Amino acid sequence: MDSPKQSGTTGKTRLLLVRDEFLFCNRIYKIFLGVEFKMTIQHIAAKEISNIVKDITVGEIMDKLEIPPDTSFGDLAFPCYILAKQLRQSPALIAQSLEEKLSKSDVFEQVKAVGPYLNLFLKQAPIAKNVLTEIFTMGADYGSSKKGSGESVTIDLSSPNIAKPFSMGHLRSTVIGNSIANIAEKLGYKAIRINHLGDWGTQFGKLMTAYEKWGDEKRVKENPIKELNILYVRFHEEAKVDDSLNDEARSWFKKLEEGHSGATALWKWFRDESLKEFQKIYDLLNVSFDSMQGEAFYNDKMLPIVEELTEKGLLLESEGAMVVDLHEAELPPALIKKKDGASLYVTRDLAAAKFRQNTYDFTQSLYVVGHEQSLHFEQVKKVLHKMGYEWANDMHHIPFGFILQDGKKMSTRKGKTILLEEVLKQMISQAEHNIKEKNPTLANKDKVAELVGVGAVIFNDLKQSRLNSVEFNIENMLRFEGETGPYVQYTYARASTLLMKGGWQKSDDCELHDILKEPYVWELIITLEKFPAVVERAFRDYEPSIVSRYVIELARYFNQYYGKIRVLSGTDAEQQLRLTLVKVVTIVLKDGLRLLGIQAPEQM
RNA sequence: GUCCCAGUAGCUCAGCCGGAUAGAGCAAUAGCCUUCUAAGCUAUCGGUCGGGAGUUCGAAUCUCUCCUGGGACGCCA
């Protein structure tokens with residue numbers, strides 16, 4: 001507990017740089033190399049305090065240190081309550097006496113007792129210098145680490161259903177999964193993006209029935225997803241009054257399973273046309289996949305799974321179906337085979353999980369799928385566990401909330417889905433409209449409008465905790481002010497313009513000198529410094545919103561600085577110093593947005 | 001009925017590995033462009049943190065219980 005080498009949970013290799021023998025200021029520099037701010041400063045502060053207070057360990061002090069709610073309370077604070085019992089003194093008195101003893105310390109600029117708190121102010125200049133140095137040294141890699149050491153992480157994302165429209169719901173899986181993949185890569189993992197397409201199942205029987213009865217080849221070719229969806233919706237409407245349609249659908253799907261040529265050709269056609277449409281959306285979102293193998297790919301891999309389950313004596317007959325009993329895990333039994341012998345969802349995911357482990361040798365396998373499927377993934381994991389696969393523990397379901405309409409989940413069957421493509425179009429044209437109004441001379445208008453419109457859609461989805469259900473509201477989304485993607489992009493564009501106009505040049509000098517005293521500069525430094533910790537936390541929690549909130553915070557501080565201080569003013573030296581600060585902000589803003597899957601235009 | 005998720009300002013959300021006056025954005029009101037992009041900044045207004053009980057020096061945060069909304073719970077995926 002007494003050495004920084006043991007206390008940090010992050011950045012192992014870089015922690016080796018820490019040496020207790022260093023001078024205090026030096027130590028601050030070294031410890032700041034990529035180690036979580038709070039932990040590090042806490043450690044230094046805790047050591048200092050422990051020199052005076054012997055009744056409590058460094059670790060305990062460190063745990064209690066906190067970042068105060070307001071900068072006027074300093075950079076760190078130590079609540080003295082915990083010492084009150086042992087010292088039999090009031091917390092306020094303890095704080096007072098600590099202030100006296102610690103004010104001689106050369107770690108802190110200032111130590112101040114405020115009520116029961118001991119407020120600690122850090123020496124700003126060395127910290128600022130170190131943060132800037134590190135950002136310039138690493139560039140866009142600032143915040144990255146080797147933590148993942150090349151381990152594979154498979155990420156199941158997007159997974160739209162063939163012949164159905166790409167809804168806002170699929171958007172969530174796509175952007176959340178893509179962002180988690182980006183974050184994983186930043187931390188040194190090899191991310192494998194898998195688009196587990198819904199390209200098999202009884203819905204194809206329904207579709208074929210509908211197409212045969214009411215379909216029109218030309219119309220489907222012109223507008224595949226839309227036409228197929230109309231057919232799908234019509235099927236459900238007509239099947240309500242005519243149950244024989246369901247029988248027909250079943251027989252079509254049976255033909256497909258048996259490899260009937262006509263059925264297979266139709267299936268392939270539906271699939272190809274759908275993929276073409278999906279690709280347009282992926283291009284816009286700037287998302288690509290390492291694997292697009294869908295459910296159909298696992299058709300021939302399910303029988304071996306069933307056999308394996310049988311061999312291992314896990315398969316039981318129940319009400320005519322074959323199941324794996326999971327009552328010891330307090331879960332309902334997992335259905336493996338239907339009465340008619342056909343396989344089910346669980347079977348397919350078992351085959352897919354095993355295939356992924358064999359193919360990619362993952363150390364983590366993530367499934368970015370709606371939270372309504374939590375039980376399903378628990379079952380799959382448990383069955384694999386019973387089969388003796390330890391790696392089942394490395395599978396994690398990453399659930400997210402619904403996109404609601406009037407407080408209800410959207411339904412494909414009733415055709416009430418909101419189409420992502422429509423939304424994207426609307427957002428891009430809003431961005432176009434804004435550009436015409438605000439910056440009519442901008443070059444590359446179309447491209448910028450696309451980046452901004454799409455960025456707004458992605459950010460809107462990633463700005464809140466993924467488990468929240470969100471009510472779809474186009475009016476809110478069309479607003480490009482406040483906590484939005486365009487706000488961050490705009491901040492980046494303004495900052496980039498400053499660099500251009502001011503003719504910023506890289507210099508080896510990373511001291512901020514008098515600029516450090518300007519308002520919001522220290523806030524910016526501290527915020528920039530915690531970026532690596534933010535990236536780590538975002539991956540630990542599989543939570544892109546940690547990055548999106550961070551990026552908003554950084555942008556806000558920058559805008560406040562921009563509003564208060566005229567960057568291009570004063571002496572040349574001063575101007576260059578400010579631009580140095582501006583430059584590091586752009587580096588982190590751009591990379592933060594990149595982690596979310598959003599591009600940052602230099603001008604907008 | 002059982003299990004999972006959520007309930008914080010008029011609206012959308014942070015904060016929830018316990019700590020100082022509970023923070024943002026939107027909306028409302030009032031300001032700031034003859035000097036770096038006003039997609040911005042500043043200020044004001046706005047909260048019984050769903051209700052109750054418990055643990056604690058201290059609870060939005062932990063425990064229990066109840067209420068409300070959403071979801072899942074064997075042959076869809």
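Keep in mind that this is a model prediction, so the values were computed, not measured. Worth knowing before you read on, the calculation uses all heavy atoms, side chains too, and leaves out hydrogens, waters and symmetry mates. Below, chains carry the letters A, B, ... as their sequence lines are ordered, and counting in each starts from 1.
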More than 12 heavy atoms from other groups under 6.0 Å of CD on A:Glu328: yes

Short side-chain N/O contact from A:Lys85 to OP1 or OP2 of B:C57, under 4.0 Å: yes

Sugar-phosphate only, base, or nothing, as touched by A:Ser318 at under 4.0 Å among non-hydrogen atoms: base

Distance, rounded to the nearest Å, where A:Glu481 contributes CD and B:G25 contributes C1': 11 Å

Distance between P atoms of B:U63 and B:C16 (Å, rounded): 15 Å

Axial cation check for A:Tyr562 ring with A:Lys564, 6.0 Å and 45° limits: no

N or O in side chain of A:Tyr487 less than 4.0 angstrom from B:C41 OP1/OP2: yes

A:Ser548 side chain to A:Leu462 backbone, donor-acceptor under 3.5 Å: yes

N/O (side chain, A:Lys338) to phosphate O (OP1/OP2, B:C76) under 4.0 Å: yes

B:A14 phosphate, OP1 or OP2, under 4.0 Å from A:Asn468 side-chain N/O: yes

Check: A:Gln203/A:Tyr232 side-chain N/O donor and acceptor closer than 3.5 Å: no

P gap between B:G74 and B:A53, integer Å: 39 Å

Check ion pair A:Arg494-A:Glu602 (N to O, under 4.0 angstrom): no

Nearest non-hydrogen partners of A:Leu593 and A:Ala600, listed with the distance: CD1-CB, 3.9 Å

Rounded distance (Å) that lies between atom P of B:U35 and atom NZ of A:Lys501: 12 Å

Phosphate OP1/OP2 of B:G40 contacted by A:Tyr561 side-chain N/O (<4.0 Å): no

Euclidean distance, atom CG of residue A:Asn434 to atom P of B:A38 [Å, nearest integer]: 14 Å

Over 12 non-hydrogen atoms of neighbours within 6.0 angstrom of CD in A:Glu317: yes

d(CG, A:Asp461; P, B:U12) in whole Å: 17 Å

Inter-nucleotide C1' distance (B:G47, B:G15), Å rounded: 14 Å

Watson-Crick or G-U wobble mate for B:U61, both contacts under 3.5 Å: none

Donor-acceptor pair under 3.5 Å, A:Asn119 side chain vs B:A20 base: yes

N/O (side chain, A:Gln203) to phosphate O (OP1/OP2, B:C76) under 4.0 Å: no

Watson-Crick/G-U partner (both atom distances under 3.5 Å) of B:A43: B:U29

Side chain of A:Arg537 - closest among B:A20, B:U37, B:C16: B:C16

For B:G7, the Watson-Crick or wobble counterpart (both distances under 3.5 Å): B:C67

Phosphate-side-chain proximity, A:Ser374 and B:C3, N/O vs OP1/OP2 below 4.0 Å: no

Gap between atoms CD and P, on A:Glu437 and B:U37 respectively (whole Å): 18 Å

Phosphate OP1/OP2 of B:G23: any A:Arg549 side-chain N/O under 4.0 Å: no

Sugar-phosphate, base or nothing in reach of A:Leu498, heavy atoms under 4.0 Å: base

Check: B:G69 base within 3.5 Å donor-acceptor of A:Ser469 side chain: no

Side-chain N or O of A:Lys339 closer than 4.0 Å to phosphate OP1/OP2 of B:G74: no

N or O in side chain of A:Lys438 less than 4.0 angstrom from B:A39 OP1/OP2: yes

Rounded C1' spacing from B:A9 to B:C45 in Å: 11 Å

side-chain N/O A:Tyr490 vs B:A39 OP1/OP2, d < 4.0 Å: yes

Pair assignment for B:A22, Watson-Crick or G-U wobble, requiring both distances under 3.5 Å: none

Base paired to B:A38 (Watson-Crick or G-U; both N/O distances under 3.5 angstrom): none

Length of the CD-P vector between A:Glu602 and B:U37, whole Å: 14 Å

side-chain N/O A:Arg494 vs B:A38 OP1/OP2, d < 4.0 Å: yes

Between B:C11 (C1') and A:Phe472 (CZ): distance, integer Å: 17 Å

Option from A:Thr580, A:Val585, A:Leu579, A:Thr586 for which side chain to side chain contact (heavy atoms under 4.5 Å, CB included) with A:Lys583 holds: A:Thr586

Separation of atom OH in A:Tyr520 from atom P in B:C41, rounded to whole Å: 10 Å

Touch class at under 4.0 angstrom, heavy-atom based, for A:Leu197 against every strand present: nothing

